[in-house]
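Here the structure is a predicted model, which is why all the values come from computation and not from measurement. FYI, the numbering just counts along the sequence from 1.
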Amino acid sequence: MRPSLAPDGRPWPLTSDYLTSHLTVNLDDLSSLTVDNRQNTSDMLVKLFDRRYEHAVAVRIFFLRAQEQFTLANIAPGAYDIRYQNLDSGVILKSQPFNLEQIQQPDGSLQYSV
């Protein structure tokens with residue numbers, strides 16, 4: 001059964017967005033990540049986990065509406081995974097681990113993951 005309220009005790013947002021009462025961290029760099037839910041008919045609760053610690057830490061938590069996508073910006077380089085809960089079925093799934101990188105180029109510019 002779908003929870004009537006978001007984890008922060010507030011109503012679910014009307015649009016795909018960060019859950020405002022949850023701390024948003026790893027904001028200090030240029031990488032971005034787009035999470036795509038366009039092929040699903042269920043809304044999702046999504047968490048970006050930083051895997052650089054002994055126990056992975058959720059650094060971004062957001063609501064993703066069915067048939068939409070959401071872009072997380074200004075993510076620090078590192079090892080991550082995405083964990084998401086289908087809000088209709090309650091099923092929780094996890095992505096494969098992935099790395100976001102930021103590399104200084106010889107000309108001084110930065111190449112970063114998108």
Review point. Is there a side-chain contact between D88 and R2, using heavy atoms and a 4.5 Å cut-off?
Key: yes

Exercise for review: Looking only at non-hydrogen atoms, find the nearest pair between F98 and D81 and report the distance.
Suggested key: CE2-CA, 3.7 Å

Point to revise | Option from N99, I75, L33 for which side chain to side chain contact (heavy atoms under 4.5 Å, CB included) with Y80 holds | key: I75

**Study point:** Over all atoms of both residues, closest heavy-atom pair of D50 and V59
**Key:** CB-CG1, 3.7 Å

Review point. Honestly curious: do Y84 and L100 fall in one hydrophobic cluster under the side-chain, below-4.5 Å linking rule?
Key: yes

Check your understanding: Under 4.5 Å between any side-chain heavy atoms of L45 and I61, yes or no?
Key -> yes

Check your understanding: Take atom CD1 in I103; do more than 12 heavy atoms of anything else shown fall under 6.0 Å from it?
Key -> yes

Check your understanding: Does the side chain of L72 come within less than 4.5 Å of F62's, by heavy atoms?
Key -> yes

Check your understanding: F63 and F70: aromatic ring centres closer than 6.0 Å?
Key -> no

Revision key, fill the gap. Heavy atoms of G78 and R52 approach each other most closely as CA-CD, 3.9 Å

Check your understanding: Between L19 and P7, what is the shortest heavy-atom contact and its length?
Key -> CD1-CD, 3.8 Å

Review point. More than 12 foreign heavy atoms under 6.0 Å from CD of Q39: is that the case here?
Key: no

Practice item. Find out whether N86 and M44 are in side-chain contact, i.e. whether some heavy atom of one side chain is under 4.5 Å from a heavy atom of the other. Key: yes

